[in-house]
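Chain letters run A, B, ... following the sequence lines, proteins first and then strands; every chain starts at 1.
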Amino acid sequence: MEAATVAGPRQRRWHDVFEGRRFLASILIAPAVVFIFVLVGGPLFLAVYMSMTDATAGELSGKFVGFDNFVNAWDDPVFRTALRNTLLFTIISQIVVLISAGLLAHALVRPFRGRWFLRLLILLPWAAPIPLGAIAWLWIYDSLFSVVNWTLVHDILPGGGSFYLYKVVNAVTPWTVEPFNPPQWLGDPTLALGAVISVHAWRVIPFAVVIFLAGLASIPNEVNDAAKVDGATGLKKFWYVSLPLQLPIATVALLFGIVFTATDMVVVYILTRGGPFNSSQMLTTWAYQTGVNGGSLGEGAAISLYLLPVLFVVAVLMLRFARKVEVS
Amino acid sequence: MRLLRERFGSYAVTAPFAIVLAFPFYWMLWTAFKTDQDLYNVENVPFKFQQGSPTTRNFTFLFESTQFPTWLGNTLIVGAIVVVITLVLALPAAYALARLSGAWGQSLGVAIFLTYLVPPTLLFLPLSRVVAEIGLQDRLASLILVYPSFTVPFATWLLMGFFKTIPRELEDAAQVDGASRLRTLRSVVFPISIPGILTVVIFSFSLVVNEFVYSLTFISGSTEKTISTGLYTELIRGDIYFWQALMAATLIPCIPLALLYNVFLNRFIAGFTGGAFR
C-alpha cells in the first residue's frame, strides 16, 4: 500500500489490481491448472469414453458398446495372467524395496569412512534413465553371454580354487542350477517374472533410500538423546523410536512406489515384452499390445482402466495423509 | 568396541548392496570397450580384456554409423523446450500456491500433485489418437506438447516446497521498503530461488529422458526418435544386437545425470518432502 501512495493515479489502479491477493493468485495459477486439466483430465475422460466404444486404430469414435470391452478383457486368460503378474510385481518388489531401503538408510545415516562413495554407488541406478538401465539388464540376463550365468558356473577363485557358486546355490537354496544348462533368465516364465521384479527393485531402491534418509534426518537430535538416556539402543531404539517417527515418510514412499510399480511398463516391455508366451504380461503391456499392436483401442483402454482402482485408493490415502500432517 | 562393531555393520550392509546396485554400470563400461571377437566367445573370461580389447571402435561405430547423435540431439531439444514450458507454467503457480492463497491453495496444490500420479500408461491410447488427429504423429512436437503434462505437476510440487522455505518476513520487509509485489518477486524471491529452480530443471529434464511409453507410441520414424526409444527399437533388431555400442550409448547419458543428481540431491529432498511436511 505504501507503493500506491507514491505512484501516480493511473499507476495506482494498475498496482491495486496486482496487490489484490486473490486476483494475482488466480492469474498465476490458472495457466498451469488449465494446461493440466486439458492434457490429463481430457485424455482420462477420453480413455473412459473409448473404453465403452469399439474404436479401432484410425478412428477416435466407435459404436457405443457399454461395458462389453471390460467383460471381454476379463474373460481373456492372458488378462488374468496380466492382472496376477501386476499384483505380484507390485507387492513383491515393494516388499523388497522397503526392506532393502530401510536397512540401507539405517546404515548410511551414521558417518563412516568411505560413506560418500558407497552412497554414490547405491544412488547410481536412480540417476540412470530407466529405458537405458533396462537395456543393460537385458545384456546381463542374455541367453548365451549372461555374466550372471558365467559367474555361477565358472571357477571364480584366482589360481583354480575350484570354487563354484552354483554349488553353493544348489546346497543352500531350494533351486537347482545345472552347470551345462544354465538358467534362461528371460526365457523361463517364473524366472522372467523374477528378473522383471529384480530390475524394478534395482531402480526404485535408491529413490526409497533417499526418502528414508530424509525421514531419519528429520528426527530431532533431542529424541535420539532422550532415547539414549532412557537406555534404548539397537533394535529396541529402532522399534520404539526410529520406526514410529519414520512411519509417515515411509508411507509416502510406499504409496508412490505402489503407483509407479503398478503402472510401469518400461521394465517389462524392454526385458520380455510380456513373454515368453505372455507369461510375464502386465496390465500395462497387455493394454499396449491390445491397443497399439492389435489395434483394438477400445479394449486396450478398458484394460488400462483396470488400473484406476489402484490409483483411486492411493489418491484417497494420500489426501487423508496430507490432511493428517497438516493438522499435527 | 561397540563403535567398531557398528562400523563393521555399516559396511556389511552397504557394501553388498552397493556392488549389486552399481554392477550394471560397471558392466556397461566394460562391455563398451570390447571387440566382437572378445565379447562373443563363450570360452573367454568376461571380466578380462583379450583379443584386441580394449577398443574405442564401438564409440566410433555408435557416432558414425548409427543415428545415436540424432537421438541425442532430439532428446536435448525436447528436454530443453519442455523444461522452459514447465518453468513458465509451474513457477508462478507454485509461488501463488505457497504464498498467496492459504488453505485453499494447499488443497489445490495437493490436487495438482495427484495428477502427477495419473500414469502415461493410462493416457497413451487416447493421446495417440489425439496426436494423430491434429497431425503431430511422428514429430517431436507431439512429445513437446504432451511431456509437460507430467513435468508441470511434479515441478509445481517441488517449487511449492522451495517457496515455503523462503521466510515471508523477507518479502514483507521489501514491501515495507516500498517495493511492489512484482518487484519483490523479481529482486527478492527469484534470486533466492535459483538453486530450487535449477533442481527442478534437472529433475524435469530427467523425467523427459526417462519417458518411454509416449515416445514409443507417437514416434515411429527413426530420425524423430529420442534416446529412450531409439536405442531399444533401432539397435536391437531381431537377433542382431550391437551390445558394445548399446552399452556405450547407455553409459553416455548416465554419466552427466549421475553427477548432477549427486550435486542436487539434498535440494531435491528438501523440495520433495518440504511440500508435504511443512
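- With a threshold of 4.5 angstrom between heavy atoms, A/Val259 approaches chain B through side-chain atoms but not through N, CA, C or O.
- Contact count against chain A (heavy-atom pairs under 4.5 Å) is highest for B/Thr31 among B/Thr31, B/Ile227, B/Thr86, B/Leu231.
- The choice from A/Ala107, A/Ser304, A/Pro43 that makes the most heavy-atom pairs within less than 4.5 Å of chain B is A/Pro43.
- B/Leu207 CG to B/Phe154 CZ: the interatomic distance, rounded to the nearest 0.5 Å, is 5.0 Å.
- Residue contact with chain B, scored on non-hydrogen atoms closer than 4.5 Å, involves the backbone and the side chain of A/Tyr269 alike.
- Under the 6.0 Å cut-off for aromatic ring centres, B/Tyr147 and B/Phe150 qualify, their centroids lying closer than that.
- Proximity of the aromatic rings of A/Phe260 and B/Tyr116 is defined here by a centroid distance below 6.0 angstrom, and this criterion is met.
- For the set B/Cys254, B/Ala258, B/Pro24, the entry with the most heavy-atom pairs within less than 4.5 Å of chain A is B/Pro24.
- Separation of the A/Trp126 and B/Phe25 ring centroids does not fall under the 6.0 Å cut-off.
- Neither the backbone nor the side chain of A/Arg115 comes within contact range of chain B; no heavy atom of the residue lies under 4.5 Å from a heavy atom of that chain.
- Looking at B/Trp30, its side chain does come within 3.5 Å of a backbone N or O of B/Pro46 through a donor-acceptor pair.
- B/Phe47 and B/Trp27 have their aromatic ring centers within a separation under 6.0 angstrom.
- A centroid separation of 6.0 Å or more is found between the aromatic rings of B/Phe203 and B/Phe264.
- Contacts of A/Trp202 with chain B are made by both backbone and side-chain atoms, with heavy-atom separations under 4.5 Å.
- Atoms CG and CD1, on A/Leu271 and A/Ile140 in that order, are 10.0 Å from each other to the nearest 0.5 Å.
- For the side-chain contact (heavy atoms from CB on, under 4.5 Å) with B/Ser149, the lone residue among A/Val38, A/Ile36, A/Leu39 that qualifies is A/Leu39.
- In this structure, no portion of A/Thr285 lies under 4.5 Å from any heavy atom of chain B.
- If you measure heavy-atom distances from A/Ile130 to chain B, the contacts under 4.5 Å come from both the backbone and the side chain.
- No side-chain N or O of A/Thr284 forms a donor-acceptor pair with one of B/Thr121 less than 3.5 Å apart.
- With a 4.5 angstrom heavy-atom cutoff, A/Phe45 does not touch chain B via any of its atoms.
- Residue contact with chain B, scored on non-hydrogen atoms closer than 4.5 Å, involves the backbone and the side chain of A/Trp139 alike.
- Contact annotation for A/Ile205: only side-chain heavy atoms (C-beta onward) come within less than 4.5 Å of a heavy atom of chain B.
- Between A/Phe256 and B/Phe113, the distance from one ring center to the other falls under 6.0 angstrom.
- At a 4.5 Å heavy-atom cutoff, the contact between B/Leu246 and chain A is made by side-chain atoms alone.
- For B/Val88, no part sits under 4.5 Å from any heavy atom of chain A, backbone or side chain.
- Between chain B and the options A/Leu120, A/Val147, A/Val292, the largest number of non-hydrogen pairs under 4.5 Å is found for A/Val147.
- Most heavy-atom pairs under 4.5 Å with chain A: of the set B/Ala111, B/Ala12, B/Ala22, this distinction falls to B/Ala22.
- For a residue to count as touching a neighbouring chain, one of its non-hydrogen atoms must lie under 4.5 Å from one of that chain's; by this rule B/Thr14 touches chain A with backbone and side chain alike.
- The contact between A/Leu103 and chain B is made by backbone and side chain atoms together, counting heavy-atom distances below 4.5 Å.
- Between chain A and the options B/Ala15, B/Ser206, B/Ala94, B/Ala18, the largest number of non-hydrogen pairs under 4.5 Å is found for B/Ala18.
- B/Tyr214 and B/Thr229 share no side-chain donor-acceptor pair at under 3.5 Å.
- Ranked by heavy-atom pairs under 4.5 Å with chain A, the list B/Leu260, B/Thr156, B/Leu122, B/Leu235 is led by B/Leu122.
- Proximity to chain A is absent for every atom of B/Ala132, based on heavy atoms less than 4.5 angstrom apart.
- The parts of B/Leu117 that come within reach of chain A are both its backbone and its side chain, each placing non-hydrogen atoms under 4.5 angstrom from that chain.
- Under a 3.5 Å cut-off, the side chain of B/Glu211 and the backbone N or O of B/Ser215 do form a donor-acceptor pair.
- Residue B/Pro148 touches chain A through both its backbone and its side chain, counting heavy-atom pairs closer than 4.5 Å.
- Environment of CZ in A/Phe117: sparse, with no more than 12 heavy atoms of neighbouring residues, nucleotides or ligands closer than 6.0 Å.
- Of all the listed residues (B/Asn262, B/Ile255, B/Val152), the one sharing the greatest number of non-hydrogen pairs under 4.5 Å with chain A is B/Asn262.
- Of the atoms belonging to B/Leu216, heavy atoms from both backbone and side chain fall under 4.5 Å from chain A.
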Evaluate ring-ring contact (aromatic ring centres under 6.0 Å, His included) for B/Phe124 paired with A/Tyr288, printing each intermediate quantity in order. CA-CA 9 Å; B/Phe124 73 98; A/Tyr288 183 86; 5.8 Å; yes
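- Heavy atoms of B/Leu39 lying under 4.5 Å from chain A belong to its backbone as well as its side chain.
- Using a 4.5 Å cut-off between heavy atoms, A/Val34 makes no contact with chain B at all.
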